[in-house]
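Quick notes on the structure that follows.
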Protein chains: 2
Amino acid sequence: MRRDSRLSGVLHVLLHMAQQPGPFTSETLAKAMDTNPVVIRRIMAGLRDLGYVRSEKGHGGGWTLACDLSKVTLRDVYAALGSPPLLAMGNRTEAPGCLVEQAVNAALDQAFGDAEALLLSRFGEVTLAMLGADLRKRLGSRKLQGMSAHHA
Amino acid sequence: MRRDSRLSGVLHVLLHMAQQPGPFTSETLAKAMDTNPVVIRRIMAGLRDLGYVRSEKGHGGGWTLACDLSKVTLRDVYAALGSPPLLAMGNRTEAPGCLVEQAVNAALDQAFGDAEALLLSRFGEVTLAMLGADLRKRLGSRKLQGMSAHHA
DNA sequence: ACGTCATGTAACATATATAGTTACATGAGA
DNA sequence: TCTCATGTAACTATATATGTTACATGACGT
């Protein structure tokens, strides 16, 4: 399987939602992401359970943001997904009897642990509000590009 | 499939080989690692191509170390495996047209890049000789444990 | 009440990558 | 020339993310 893209996907959804008031149906969001509504519900389930978003059934239902975007970090979102594995590599055997394997594991675990810690730390530094601000900046420069195209 | 354990596996092999003079057949090594000889040949192929080990066919053949263990780092070994993916996560789409996706990718790429760079850097700091020294230390304390058990 | 809409979820299908296994060709040495 | 060992292709097994279908649950409007 290709690499896990759920974090990327769910952030995409949240940022789309932050651009305009909701609610958004899974189908609408799925079309924007070129995927299936069930996939949306799947990756959003954890966020709903933690109260970052709300979902309503029936007419006028769908997904709504339910958190302060400046208080939720990528690390929170990652945790809401169930904290899936970060690294593609690991030890052959955990808690091996073989001393050779223990020596190898010790060295690798050190490096793996450092990398995971750094990644989580970086995730913790970025809020959804910061992502939104970056997006608005990108939207702004695109608008300017459009205008200069008009002028040209 | 569970996480890629080839680096762990090949280091295990190399450390075993460093403990006594070779050559070692794939079958011997496979038994020590509780796996299949073909798996050994597979993960050793890249190391052979780069000259870190040598392989000989026929009677008395097998695998031999062919490098200065103090000059080869985990990073070299990782590269010899073909530099497989380090991270289990990635972006949904590379080079997306959607600005939302671009904003998400930019944030994640930053974190992913940092983590990968750190991991490679850590790999580069550890030589096979250092692993061997750590192993001998572990072998030593096990021997002492055995002796104190005799005394008790 | 009833029909429609939307989520919730199970079940199944698809795709991809590692690991394990079998089979056989190649080549070295006794 | 027989045996041993590597080199490699091909196939199987397994795990996981993703895509899809089907249906139950519940909310809203008529």
Tell me which nucleotide among C:dT21, D:dG19, D:dT18 gets nearest to the side chain of A:T35.
D:dG19
Taking CG from B:N91 and P from D:dT18, how many angstroms apart are they, rounded to a whole number?
12 Å
In terms of side-chain heavy atoms of A:R41, which of D:dA17, D:dC4, C:dT9 is nearest?
C:dT9
Using a cut-off of 4.0 Å on non-hydrogen atoms, how would the nucleic acid contact of B:R92 be classed: base, sugar-phosphate, or nothing?
nothing
Check the pair A:L120, A:L86 against side-chain contact (heavy atoms from CB on, under 4.5 Å), reporting the backbone distance first and the verdict last.
CA-CA 9 Å; A:L120 289 177; A:L86 294 171; 4.0 Å; yes
Can you find a side chain N or O atom of B:S26 that sits less than 4.0 Å from OP1 or OP2 on D:dA5?
no
Any side-chain N or O of A:T25 less than 4.0 Å from the OP1 or OP2 oxygen of C:dC5?
no
Can you measure B:I43 atom CD1 to D:dT8 atom P for me and round it to whole angstrom units?
15 Å
C:dG8 phosphate, OP1 or OP2, under 4.0 Å from A:S55 side-chain N/O:
yes
Could you tell me which non-hydrogen atom of B:L69 sits nearest to which non-hydrogen atom of B:T127, and how far apart they are?
O-CB, 3.7 Å
Hey, does A:R42 reach any base, or is it just sugar-phosphate, or nothing, if we go heavy atoms under 4.0 Å?
base
Rounded to whole Å, the CZ-C1' distance (B:R3 to C:dT16) equals 18 Å
Do B:V72 and B:V10 sit in one hydrophobic cluster, given that two such residues count as connected whenever their side-chain heavy atoms are within less than 4.5 Å of each other, even indirectly?
yes
Tell me whether the side-chain N/O atoms of A:R48 come closer than 4.0 Å to OP1 or OP2 in C:dG8.
yes
So what does A:G60 hit on the nucleic acid, given a heavy-atom distance under 4.0 Å: a base, only sugar-phosphate, or nothing?
nothing
Please state whether the rings of A:F123 and A:Y78 are parallel, tilted or perpendicular, taking 30° and 60° as the class boundaries.
tilted
Return the value, rounded to whole Å, for the distance between atom NE2 of B:H59 and atom P of D:dT6.
12 Å
Round to a whole Å and report the spacing from CD of B:E27 to P of D:dA5.
8 Å
Heavy atoms under 4.0 Å, any strand shown: does A:R54 hit a base, just sugar-phosphate, or nothing?
nothing
Quick one: do the A:T25 and A:T28 side chains pair a donor with an acceptor below 3.5 Å?
yes
Mind calculating the distance between CE (A:M44) and P (D:dT18) to the nearest angstrom?
15 Å
Rounded to whole angstroms, how far apart are CG on A:D4 and P on D:dG19?
12 Å
Would you mind telling me which of C:dT21, C:dT7, C:dA19 lies closest to the side-chain atoms of B:N36?
C:dT21
Hey, which of these two, B:G62 or A:E56, hits DNA chain D nearer its 5' end, going by closest nucleotide?
B:G62
Take atom CG of B:L7 and atom C1' of C:dA19, then tell me their distance rounded to the nearest Å.
16 Å
So which nucleotide from C:dT9, C:dG8, C:dG20 ends up closest to the side chain of A:V38?
C:dT9
Has B:D114 got a side-chain atom pairing as donor or acceptor with B:A111's backbone, closer than 3.5 angstrom?
no
Looking only at the side chain of A:V39 (C-beta and beyond, no hydrogens), which of the listed nucleotides C:dA19, D:dG19, C:dG8 gets closest?
D:dG19
Residue B:K57, side-chain heavy atoms: nucleotide from D:dT21, D:dT6, C:dT7 that is nearest:
D:dT6
